Amino acid sequence: MEKTEKNTNEIISGPEAIRVRFAPSPTGYLHIGSARTAFFNWLFAKKTKGRFILRIEDTDISRHLEEAIELIMDSLKWLGMSWDEGPDIGGNYGPYRQSQRKEIYLEYAKKLVENGRAYYCFCSQEKLAEKRKAFMGDAKADYYEYDRECYYLGPGKVRENLEGGIPWTIRLLVPDDIEIKFEDLVYGSISVSSNTQEDFIIIRSNGLPTYNFSAAIDDILMEITHVIRGEDHLSNTPKQILVYRALNAGLPVFTHLPMILGADGTKLSKRHGSISIEAYRQDGFLAESIRNYLSLLGWSYDEKTTILSLNDILNKFDLSQINKRPARFDYEKLLWLNGHYLRNMPDKDLEKLILEKIRLDTKTFNANISDIDKKIKKIIPIIKERIKTLNEALDIIYVFFRPVSYQQDFIDYIKTNKDTAINVIDDAILLLSGIRDFSHDNIEAALRNISERKNLNFRKTAEIIRAAVWGSKVSPPMFGTMEIFGKEECALRLKAFKKIIA
RNA sequence: GGCCCGUUCGUCUAGGGGUUAGGACAGCAGAUUUUCAAUCUGCCAGCAGGAGUUCGAUUCUCCUACGGGCUACCA
């Protein structure tokens, strides 16, 4: 207890010794905020040639989903992160699931009891609730702190209760009147009076540890040198430091990352829409753009750089540049970034990703795949700069393989100039049929020819043709689109549309 | 309520005692164009408020307001 926290950061002896961990609680999919935390840990490990450890914090059985562990690992891998130690691959500091470390926590807790740094508590939850209620009823009281009733139980009484099978918990004895100080790499020096911390429970009556205990024990045992986590844990840090002190363990470097909030500035939650990495993956976002976007939340390289490849981030990332301000999640910017990466991706890579997605989407898409393989190479160049997600690409691509569906209001719109429309379509059917090489350039020539002969604005001409061929006011560039459809399909569509408006 | 943390364009941020306070997304306008995009150009827009320190504060200090976190046998 006489130990000061200062300079205990010195436990790092060299870059090889750096060990960081990402410690999710498996309650569902990996969400945006956790992903950023994982990413920053991973980046730091990579940069320092340290080790990145995955630890599963599953000490609250009621909230945990076994499948979530797999889901979280999948998302991490998809984002390009791999770990050096973890529940699936093991390591020298295992096991890496807290539910499998139950005995370890108990052992340490009992050690603390023996040293007089912790004590058994036999107060039931009901009793505690009553105490709290009674205390709060007192007008002057504004916060309740455990009254240490069980701390004053004599050793004989404790043994008697234990042997009598009375349910117990273990509480950490928090020293009075000391300042708990630590240096946070982001938030600077933080100081809290121990008087604001009660003797919190470290082992629950079910024998499992509480978060602040298990996290500290594991970070000590796993020799974690840098604890990088969300700012929501800043207030927990003093409690964990108390555990470090009780065990005479050196402190890691604490680095708290500013929160990622929803667009409205409140804590990111389901009602903000997609918050899991998996959801974004399914919506057709690239790992690359998510990484880039995440890297920009709470960190920035300089005053100008927005686009950062993984390599750039790896080269430039620096924990000391992280800011303290909570950031709001800006979907629009992510979308823009994704579009940027999509546009700048080699066609072949895009093709691979799109084909992958199409194959997964068998329910929606039932045209034959070999046909897609042939056409996709021509489709990609004409759609790639107008998509922001892979899913948007699919939406456009599907139109190439489906019968056109004409919207009534759009039909009505074309019909306002019915005679012209029919005229243009007739001409198109005729001229197009005469083209031997049904190519972009020849199609364009033919259509421009119609426009001139009819003395009709080419915009108007194109609008009519587009309506017939694509079924809407908006389409990918039309000549290329028609080339992909081929002569027969275009003729068919033109004729069909003519009938509809006639 | 208590404790801890934060506050630069709508959003992400750069900067930092003397700057025309910089960039990006979004928005708006224009150019280009067969449509929509993309692209290019331009525009709009910010130091939460009040004291203090100082020759000079957006920058340093304090207060207020607002926001967030923690305050559990959740993590």
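Values in this document were obtained by computation on a predicted structure and should not be read as measured data. Order of the sequence lines fixes the chain letters, A, B, ..., with proteins taken first and strands second; residue numbering starts at 1 for each chain.
Electrostatic pairing of A:Arg386 and A:Glu392 does not count as a salt bridge here, judged by no charged N lying under 4.0 Å from a carboxylate O. Checked for salt-bridge contact, A:Glu463 and A:Arg459 miss the test: no charged N lies under 4.0 Å from a carboxylate O. Contact check on A:Asp219 versus A:Arg55 returns a salt bridge, with a Lys/Arg side-chain nitrogen under 4.0 Å from an Asp/Glu carboxylate oxygen.
Side-chain atoms of A:Ser276 never come within 3.5 Å of backbone atoms of A:Tyr29 as a donor-acceptor pair (strictly under, hydrogens ignored). Using a distance-only test at 3.5 Å, with no hydrogens or angles considered, no donor-acceptor pair links the side chain of A:Arg97 to the main chain of A:Glu57.
Counting any heavy atom pair closer than 4.0 Å across all strands shown, A:His256 reaches no nucleic acid atom. Backbone-only engagement by A:Asp232 is indicated by non-hydrogen atom pairs under 4.0 Å involving sugar-phosphate atoms exclusively. The residue A:Thr169 sits close to a base: some heavy atom pair falls under 4.0 Å. Within 4.0 Å of A:Ser295, counting heavy atoms only, lies no atom of the nucleic acid at all. In this structure, A:Lys384 reaches neither bases nor backbone, as no heavy-atom distance under 4.0 Å exists between it and the strands shown. Using a 4.0 Å heavy-atom cutoff across all strands shown, A:Leu296 reaches sugar-phosphate atoms only and no base atom. Using a 4.0 Å heavy-atom cutoff across all strands shown, A:Gln125 reaches at least one base atom of the nucleic acid. Among the protein residues, A:Thr237 comes within range of no part of the nucleic acid, since none of its heavy atoms lies under 4.0 Å from any strand. Using a 4.0 Å heavy-atom cutoff across all strands shown, A:Gly298 reaches sugar-phosphate atoms only and no base atom. A:Ile307 comes within 4.0 angstrom of no nucleic acid atom, judged by non-hydrogen atoms across all strands.
A salt bridge (charged side-chain N to carboxylate O under 4.0 Å, His left out) with A:Asp199 is found for exactly one of A:Arg148, A:Arg117, A:Lys239, namely A:Arg148.
Below 30°, between 30° and 60°, or above 60°: for A:Tyr331 and A:Phe285 the angle between ring planes is above 60°, a perpendicular geometry. The aromatic rings of A:Phe458 and A:Phe479 sit tilted, their planes meeting at an angle between 30° and 60°. Using cut-offs of 30° and 60° on the angle between ring planes, the pair A:Tyr301 and A:Trp299 is tilted.
Distances shorter than 4.0 Å separate some side-chain N or O of A:Asn323 from OP1 or OP2 on B:A14.
As a whole-Å value, the separation of A:Leu337 CG from B:U11 P is 18 Å. Here B:A75 presents its P atom at 9 Å from CG of A:Leu208, a figure rounded to the nearest Å. B:C12 atom C1' lies 12 Å from atom CG of A:Leu261, rounded to whole Å. Note: CG (A:Asp199) to P (B:A72) measures 13 Å, nearest angstrom. Rounded to whole Å, atom C1' of B:A75 lies 12 Å from atom CZ of A:Phe22.
A distance of about 33 Å separates the P atoms of B:G15 and B:U71, rounded to the whole Å. Taking atom P on both B:G50 and B:A57, the two are 13 Å apart, rounded to the nearest angstrom. Separation of the P atoms belonging to B:C4 and B:U20 is 40 Å when rounded to the nearest angstrom. Taking the C1' atom of each, B:G49 and B:U58 are spaced 13 Å apart, rounded to whole Å. When the C1' atom is used for both B:G22 and B:A75, the distance is 40 Å, rounded to whole Å. Rounded to the nearest Å, the gap between the P atom of B:C9 and that of B:G23 is 16 Å. Nucleotides B:U8 and B:A48, compared at atom P, are 6 Å apart to the nearest Å. Straight-line distance between the P atoms of B:C60 and B:C66: roughly 23 Å, to the nearest whole Å.
Judged by Watson-Crick or G-U wobble contacts below 3.5 Å, the nucleotide B:G67 has B:C5 as its partner. B:U11 is paired with B:A24 under the Watson-Crick or G-U wobble criterion, all donor-acceptor distances under 3.5 Å.
When the shell of 6.0 Å around NZ of A:Lys454 is examined, it contains more than 12 heavy atoms from other residues, nucleotides or ligands.
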- request: Please report the C-alpha distance between A:Asp264 and A:Thr266 in whole Å, then the side-chain angles of each, then the deciding distance to 0.1 Å, and finally whether the side chain to side chain donor-acceptor pair (under 3.5 Å) criterion is met.
  value: CA-CA 6 Å; A:Asp264 58 357; A:Thr266 64; 2.9 Å; yes

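Heavy-atom distances under 4.0 Å link RNA chain B to no residue of residues 95-109 of chain A.
Side-chain atoms of A:Asn236 and base atoms of B:A75 include a donor and an acceptor less than 3.5 Å apart.
Contact check for A:Met478 versus A:Leu447: side-chain heavy atoms found under the 4.5 Å cut-off.
Judged by the 6.0 Å distance and 45° axis criteria, A:Arg402 is not positioned over the aromatic ring of A:Phe400. Cation-pi geometry between A:Arg171 and A:Tyr120 is not met at under 6.0 angstrom from the ring centre and within 45 degrees of the axis.
With the nearest nucleotide of RNA chain B identified for both A:Lys267 and A:Thr306, A:Thr306 has the one nearer the 5' end.
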Sort me out a list of protein N/O and nucleotides 4-10 of chain B N/O pairs below 3.5 Å, or just none if empty.
unit_1	atom_1	unit_2	atom_2	d
B:U8	OP1	A:Arg325	NH2	2.6
B:U8	OP2	A:Arg325	NE	2.2
B:U8	OP2	A:Arg325	NH1	2.8
B:U8	OP2	A:Arg325	NH2	3.0

So which protein nitrogen or oxygen atoms get under 3.5 Å of nucleotides 34-38 of chain B's nitrogens or oxygens?
unit_1	atom_1	unit_2	atom_2	d
B:U34	OP1	A:Arg448	NH2	2.6
B:U34	O2	A:Arg466	NH2	2.4
B:U34	N3	A:Met478	N	3.3
B:U35	OP1	A:Arg459	NE	3.4
B:U35	OP1	A:Arg459	NH2	2.3
B:U35	O4'	A:Arg466	NH1	3.3
B:U35	O2'	A:Lys473	O	3.0
B:U35	N1	A:Arg466	NH2	3.3
B:U35	O2	A:Ser475	N	2.8
B:U35	O2	A:Ser475	O	2.9
B:U35	N3	A:Ser475	O	2.7
B:U35	O4	A:Pro477	N	3.3
B:C36	O2	A:Arg386	NH1	2.8
B:C36	N3	A:Arg386	NH1	2.1
B:C36	N4	A:Arg386	NH1	3.4
B:A37	O2'	A:Glu385	O	3.2
B:A37	N1	A:Glu385	OE2	3.3
B:A38	O4'	A:Glu385	O	3.2
B:A38	O3'	A:Arg343	NE	3.3

